[in-house]
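Beneath this line is the structure, given in structure tokens, with notes to follow.
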Amino acid sequence: MENKNRGRPELLGADATLLQPIVATRSSFFHLALVLLGFTSFAFFAWLHQLRWGLGTTGLNVPVYWGSYITNFVFFIGISHAGTLISAILRLCHAEWRRSITRAAEVITVLVLFFGVGSIIVDLGRPDRMLNVLKHPNFRSPLLWDVCSVSTYLLASSIYLYLPLIPDIALLRDYAGKYTGFYRLLALGWQGTPRQWRVLNRAISVMAVLVIPIAISVHTVVSWVFGMTVQPMWHSTIFGPYFVVGAIFSGIASLIIAMALIRRIYFLQDYLKEIHFRHLGTLLLVFALLWFYFTFAEHLTTYYGHDPAHLAVFYSKLAGRYAPLFWGMVLTCLVIPVGILARRRTRPIRSAVVASVSVLVGMWLERFTIVIPTLAAPRVPWARVSYSPTWVELGITLGFSATFIFLYMVFTKFFPIVSIWEVQEGREAALTEVAERVKSYLPGPDVAGGAEVADGSVPELSRREGVG
Amino acid sequence: MSPKPNRREFLGIVGGGALGVATSGVTLKGLSTLNAAIASEEVHVPRGPEAWSLSVCSLCPAGCGLRVRTIGKRAVKIQGNPLHPVNRGGLCPRGLAGLQVLYHPDRLRAPQQNVGSREAPRWKEISWEEAMETLTRHLRELRERNQAHSVVWVDGRYGHLRHRLFRKFFDAYGSPNCLHTGTGLEAARAALYLQQGATEGVAYELEHTRYLLSFSANVLEGWGSPVSNMRAFGSWRDAEAGRRTKFVQIEPRMSLTAARADEWVALRPGTEAALALGIAYVLITEGLCDTRFLAEHTFGFEDWRDASGRSHMGFRSLVLSEYRLNQVAAITQVPLETILRLAREFAGNRPALAIGGPQCPTTPGDVYGAMAVHSLNALVGSLEVPGGALVRPDLPQGSHGPHPANTEREPGGTNHARESVIRVEESLLPWPDVSRLPQVLLSRKPYPVQAMLIHGADPVFSLPNGEEFARALEAVPFVVSFASFLDDTAAHADLILPDHTDLEKWQESASPPTFAFPLQSISPPVVAPVHQTRDAAEVLLRVARAMGGEMAEALPYSTAEEFLRSQVAGIFAAQTGYSFSTSLEETWNRMSERAGWWAPTFSSAQELWEEIRLRGGWWEPTYSYGEWNRALRTRSGRFEFYSQRLAEWTVSHPEFVRAGGFEPGDDRLCLPHQLRLPEPPEGFPFLLLPVEVLPLAGGTGAEIPYLQQIAGPHVFEHWESWLEMNPETAKKLGVEDGEWIWVESPRGRGRARLRLFEGARPGVVHLPLGYGRTQGSRWACRGVNPLRLVASEPYSPAGVARALPTFVRVYV
Amino acid sequence: MARWGMVIDLAKCTACQACVVACQAENNVPCVEPEEAERGRILSWLAVVAEVQGSYPRVSMTTRPLPCMHCDSPPCIRVCPVQATGITPEGIVRQTFARCIGCRYCTNACPYTRRMFNWYRPEFRGELQLALNPDVTVRPKGVVEKCTLCHHRLMQAKESVRAEGRPLAEGDYVPACVEICPAGAMYFGDLEDPESRVAQLVRSPRAFRYLEELGTEPKVIFLSQGEWAGGKQEPR
Amino acid sequence: MTATTATVKRQRTWAWPAVTKTILLPVSLLFALGLAAQGSGNSGYFLVPGEAKAGMKTFFDKGCIRCHAVMGEGGRSAPDLGRAPAGYLSASEIVAAMWNHAPQMWTKMQQQKVAPPSFSASEMANLFAFLYSVRSMDEPGDAERGRQLFSAKRCGECHQRGARTAPRAPDLSQWASYRNPVSWIQAMWNHAPAMQALMEARGYSWPEFQGSDVADLLAYVRTQVTSRGPHLYLRPASPDAGKTLFTAKGCANCHTLHGSDRAGVPDLGTRSLPRTLGQFAAQMWNHSPTMWVSMKAQNIPRPQFSNKEMADLVAYLFAERYFEASGNSGRGRRMFEVKGCGSCHVPGGSGSGPDLSSWQGRVSPVRLATSMWNHGPVMLGRMQEQQMPWPVFQTGEMVDLMEHLNRGLAERQPARARR
């Protein structure tokens, strides 16, 4: 079925900009890709080195058996909450400003999850026996829960990324003029028929509802990896929500950064506006405070309980060897973001980005100061051994980050990073719909009944029929 | 768009699927390759027939019995010989580590000749024929030139019968210089000599004592016979309620021994004598002494008049006038109440025993301190009673020659043309002090030494004046070492003839220090030599054969085994003792023996030999208490508070008396007393006390990984010297735990890691002994040798070398 | 079914660490190089752990030989994702080296820090390889290892008593650490057998379990130091 | 095992016939072997049936050693069985002593929560052999007492260290090498004629040694040695060799064992003799002047002994005493009634205790001790319930009682020879 519009994205009108990254690639892309792939190959080399000589090439030791790999694992899984969770929540809440940011967020989720899982594999002493997890599973192990929940999450969020992509892929099939076969395959024969829209919307909303508990469970389970042991300052009931909050916190921060970069590089100022950053900045501020609340509650409880084993960890964090990292975390997760975001912002984008970078650094430190001090202060008196990552760990960490960025870039070269149909939809239909909705909040007779407030798909469906 | 996929789409789907399958296939393949790669690295241990054989440990003087498991030709595990009376199946970590000595990768693999200079040695591997030829030629030439006496044999290996062999060799060869480096209880041995007149056999029956006052004796960390001490310790704590032995450890630092004791009394360093005399003060003033013992078996307790009518101060007057409680409390910084309580407990729990003295392990201590401590035993009558201080009877000599090394030589009893290079007659104590060798070598008096043979000793490393020893070795034309590893001394040799390690040779050992019973263990080799090494004893036997004549006649043995057999025949001839047996049999034997019955399990020398091979050795399990004439061999035939030997010696050596700040004729010189404590010199505020830790007991064993790993558990330290310091002191200095820090004494400096330890006394720092080798194993050449920092005094007022309090400064 | 347990009498322990070396030699535990030891890569199934309290001169130090506690409720086996560690019917917490994926979750879950990880391929330099015990596998790199209570000795003991046609008696099976202890501070036996020495000692008022408040139910039981009861006269 | 099952087990073992069969065999075997089987061997010191060393192992293994000491080895909370009671005990006297003290011991064990161990008959036989052997050993003497004796007996007047008195008496410090009182006696015995003459010349009375005198003197002399001489021990004595010697040296010509005193010649089996071998030898010494006088009268030459011979002889005489002449069954029967045994141990099994008539012909000290020990606590409990006192047996009474039991309670058959 030939399409006469192929290769003419400008036919999309104003939204043609969104296809621009796919249609044209600048040389700087390749330069950057090369640099990033350099990091990737270095990480690969580091991993081979580690495989050859053993985990002794890392800075790990007795009793600090876990280090930056596990920190990365928790961190990456945390960031993965950027997308799915945020976009799902915003979708369910009908937050209209979501339309241009959901895609960017969801991609983060899917891609970063691979690195979360990768971190675990890299951390294994015998990755060659990885499949033992399937052959001899022990369902009592929180690590196995993790395996289950992360893979479920990966599946769910991939679907959740893919579903809203379908109309856009169809657009690409029809207009991009590149990789048509590839797009055709992925478009699954999307024609934009009302039935297809109905099914798609249904599916998206089901996934949006599904993905939230899955996402929350993932990070809760990650926290349980620590919380289920009896180790001081790991064995804490608050860890589930604490980790979830931290995850969303870092997720928002990474989303802000990703958006700012996309906006800058692909000239999407029209789509990713200051208001988006303002809203996300507010969200980040809220989570900074929420995060602080949890941190405070956690540490105050520990201090007040005065269990010597816990206190040893507590003091090593607050006043001991890990104090610089701990207070660095407080600075970067609380002081800087709150300081920046709480002020009236003249340049919301820049301040949001600065705050986000700070939060990302801080959240990595937070993961680090959760994992290491506990291990370094076991109940049994032990030699004071300090942990610091070696080049292998740093290389793999950097390589993972670089590869993630690379893959993200590559994604933008194949798929629109801003959801075209959602933006179109917002432009064309949302205004009236919102007006009606707002009216429904106000005193007076219901315009279209209360039902649509609960289930937004109904009016959308009716609206979209005209578009197709 | 049709609901059915077209051909292209179909191909795409199939292709995607294929790609997926291929990817996972490759992944699985990769995983299995990886698995195979790692599996190929796995170490597979060959199996073989299992066997057990006996041996003897010689890593410390205790000579515990070993039971070694062999698989095929490999020795794979060392355990204790359950029949051996010293260890009864237990072992300390050192004994277990014997395997790593045997299979140490840095052992010398063949004889080495120095083809470079002494300063810059270059080692060339030579054949045994060549090596033997060189040794024999040198020794023969010296003998032909009538210089046989100028050959010096320095031995540091523990054992007994081997020493007899060496002595026989040098007696026949014509050298009086068969020296031994000693076993680390020099101060106690000196006190025994000065107060009881016995030259050998410091023995304590720790197991049956009910109250043990240990003055800086690291009972659980290498003092005497560690394993039998530990057994005694275990039996104290096993006792039924109310009968537990109280173990009081008195020392400045809380050592592991102090930590395991029932009480630790922190004492100002070097004031052991004062504390002992303070306790004596309480015993005397409160009438807690054993007056009958004092009256019948002691001399110099009360004031006395000599033949010329001159009156002398007795122990009692000295203590009452100069060691009043408050004085002692001030000197020792031990609370007055503690001293009082210790004295009352000591007197109230008999048999009570006091051991030790101010002694830095591996370096000689202060004789007066040891005398003061030993005097406490006399005050409560703990000599020659069960659970008291004993004198070990000598081993039966059989028909084979005099008692070996380090015993008193009868004046004029030598058959040598020349006197010994270290003139025992000049010194207070009747055994030669190897630390005087450098002086002798350098001064070439009484005669120049032409050759030095060093076996099992590393004086350059282990003597306080090691550097001097190294310098002095330059003056010796021919130096031979029998070291198994290239050690600090061997590095100065011309020829190294590597000795077998324990498990490769016929092993033997006599009673360990502080053990009260005569004992001789003998065991055959467990495994074939790993390298081209030879037993030093067999080397000498070969030399004797090669030299022929009277040498060959004196040593008509072709192997070490033959020699040992001949010695066992001597033991059999004495018609006493038993081969090792279970403790039950031993109890039976002891009971019968006490009643006067002796029922040995052997009836001929051959049978005894076979039993020894089967069980590990022979011993005499019964001690005859109260053989006063054996235990008290002083001129007065009594225990001498006032040592007449000291009196006699100080008269003839006024220069040492004056050096000690005394007037000649001062009675205090002959009585135990507290030496003056030196003040720290300007700029050196900290006192350095080297400490001995069990894994590196005697300052040896640093090359053994097993031992290095467990060297300092109390500060989580291993593989490296550490400097122990009190946290308060460190705070004042502004230094932190784990920092690398310089320790500098007027003699030298070294760098160690700082470890804060609450058990270290403020103002005192400690370095472990055994570190800081400069030669040898890759694992041993680490850390600082504290002996390179401490000052020593070859002749104290008591005429005995002792380590002086050494002050250091510490900086980053 | 026996339930193997160990009693360590802290009153008799001299902290000599013979048990540590005996364990290492028996079980082919490699000695790591000094540089690695410095980085905390030491492998010790059994360690003597010291704890210093107070300040000079009122200092006390407790030393404790710590093998794997062989908990009846071990935190480590619950967390292993691949069932590489478990508890045998006789109560020994075992480790299947061939299945372990090296995630080190168990090492972190163990409150006693008694599980060790092979950071490298085990190295036995030169002739040191000759001293290896053929009864115990040398662990490859990347897996977790731990005290097995010298399980191979149990196998051997069972075999030999079967040959002799008698049941396992006390003393037939003793781990290397217990066997070597010079002060006789370690006891080993069947906790289920009320007549066994360990079962009797466990009933002592001095008996306690290390970190028992964690609910791990260790089968290594310590006897407290006790103290000198004062100069009581001999009981009549 | 719980207390209940223990009781059940104990009650079950009251089923006599099965048990008697199992224990009878080894015991009768041992007794059949008698002295002949037990020589000195080359591995120990045994006087009587049973393995003394194995007995010692039993003594240690069953925990006796935790309270009882033997010769100073072991616990101190109960009497040292090597020394207490001080006098000689034959096998049946050991049983009697055990019997008499048992309730006290059981009570004490109960207080200390120690379960009384049980013994098999062979274990008990070994234990008896052990105790008997140990009790025959001389304790190391007290040097201080020895010193007093030395001056009191005026030994020092001739035997001075390096005494120059002529004719010279031997310097006793040479004798310090003797570790065994028997060898001391032997040495004196052989020198007696010379000494006797000298003493008579000086008007000294014949020195007699009581109790531990010889050991004490030895201990004293030992403290006087100048240098460490050899320790001269005796090799384990052989009662067999002693038996031969007893005839060969002509002792049997006058002395009897377990017979009646011939005129003036003591029966060497009587029990008025001391506990230890050394004291036994000393007794020989004490009586020797009298003996020599009568020997001279009968023109019998004075026998000379090597120290080994002396030891063997003493051992023979000593071992012989382990078995006593049979008791008087009539007295035994009376005892059985008087002590109240019969009120429970009713023939036919109608009493509360088991019927002892089945013991007929099988009673030995070891047997009695075994059953008393293993079932005693139950019996004691029952007796306490019935408020019966625990019977106490005096010397000899136990033998009589055994004789009575052996003949069967109904006394229908004559006694059997037990050896």
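Values in this document were obtained by computation on a predicted structure and should not be read as measured data. We name chains A, B, ... by the order of the sequence lines, and we start the count at 1 in each one.
By the 4.5 Å heavy-atom criterion applied to side chains, A/Tyr65 and C/Tyr105 are not counted as neighbours. C/Val79 places none of its side-chain heavy atoms less than 4.5 Å from the side chain of A/Met228. A/Thr57 places none of its side-chain heavy atoms less than 4.5 Å from the side chain of C/Trp119.
Only the side chain of C/Val49 comes within less than 4.5 Å of a heavy atom of chain A; its backbone N, CA, C and O stay farther away. Contact of A/Trp382 with chain C is made through the side chain alone, with heavy-atom distances under 4.5 Å. Heavy atoms of A/Leu60 lying under 4.5 Å from chain C belong to its backbone as well as its side chain. Residue A/Val147: no heavy atom, backbone or side chain, is found under 4.5 Å from chain C. Of the atoms belonging to C/Ala47, not a single heavy atom falls under 4.5 Å from chain A. Looking at C/Cys110, the atoms closer than 4.5 Å to chain A (heavy atoms on both sides) all sit in the backbone: N, CA, C or O. Of the two parts of A/Phe226, only the backbone, made up of N, CA, C and O, holds a non-hydrogen atom closer than 4.5 Å to a non-hydrogen atom of chain C. Within the 4.5 angstrom heavy-atom criterion, no atom of A/Ile121 approaches chain C. With a 4.5 angstrom heavy-atom cutoff, C/Leu43 does not touch chain A via any of its atoms. For C/Ile42, the part lying near chain A is the backbone, with the side chain staying farther off; criterion is any non-hydrogen pair under 4.5 Å. With a 4.5 angstrom heavy-atom cutoff, C/Arg114 touches chain A only via side-chain atoms.
Surrounding CD of C/Glu123 are more than 12 heavy atoms belonging to other residues, nucleotides or ligands, all under 6.0 Å away. Other residues, nucleotides and ligands contribute over 12 non-hydrogen atoms within 6.0 Å of the CZ atom of C/Phe208. Within 6.0 Å of atom CZ in A/Phe114, 12 or fewer heavy atoms from other residues, nucleotides or ligands are found, so the atom counts as exposed in its surroundings. Within 6.0 Å of the CH2 atom in A/Trp47, the count of heavy atoms belonging to other residues, nucleotides or ligands does not exceed 12.
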Begin from the C-alpha positions of A/Trp234 and C/Asn108 and carry the test side-chain contact (heavy atoms from CB on, under 4.5 Å) through to its verdict. CA-CA 11 Å; A/Trp234 277 7; C/Asn108 290 343; 4.0 Å; yes
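Scanning both residues, A/Ser141 and C/Cys80, for their nearest heavy atoms gives CB-O, 3.5 Å. Between A/Arg379 and C/Leu211 the shortest heavy-atom distance is CD-CD1, 3.6 Å. Scanning all heavy atoms of the two residues, the minimum distance from A/Leu143 to C/Pro81 falls at CD2-CG, 3.9 Å.
With chain C as the partner, the residue from A/Gly54, A/Ala309, A/Pro381, A/Ala383 showing the most heavy-atom pairs under 4.5 Å is A/Pro381. Of the listed residues (A/Pro127, A/Gly59, A/Pro142, A/Pro63), the greatest number of heavy-atom pairs within a distance under 4.5 Å of chain C belongs to A/Pro142. In terms of non-hydrogen atom pairs under 4.5 Å with chain A, the most contact-rich of C/Arg115, C/Arg64, C/Glu36 is C/Arg115. The greatest number of non-hydrogen atom pairs below 4.5 Å with chain A, out of C/Pro75, C/Cys103, C/Ala84, is found for C/Cys103.
Within the 3.5 Å criterion, the main-chain N or O of C/Val82 finds no donor-acceptor partner in the side chain of A/Asn132. Under a 3.5 Å cut-off, the side chain of A/Arg129 and the backbone N or O of C/Gly102 do not form any donor-acceptor pair. Between the side chain of A/Thr229 and the backbone N or O of C/Ala109, no donor-acceptor pair lies under 3.5 Å.
Note that CD1 of C/Ile101 and CZ of A/Arg126 are 11.0 Å apart. Values are rounded to the nearest 0.5 Å. The line from CZ of A/Arg140 to CD1 of C/Ile77 is 5.0 Å long, rounded to the nearest 0.5 Å. The distance from atom NE2 of A/His136 to atom CZ of C/Arg99, rounded to the nearest 0.5 Å, is 4.0 Å. Distance CG/A/Leu55 to OH/C/Tyr120: 9.5 Å, rounded to 0.5 Å. To the nearest 0.5 Å, atoms NZ (A/Lys135) and CD (C/Gln83) are separated by 13.0 Å. We find the CG-CZ distance between A/Asn61 and C/Arg39 to be 8.0 Å, quoted to the nearest 0.5 Å.
For a heavy-atom cut-off of 4.5 Å, chain C lies close to A/Leu375 in residues 363-376 of chain A.
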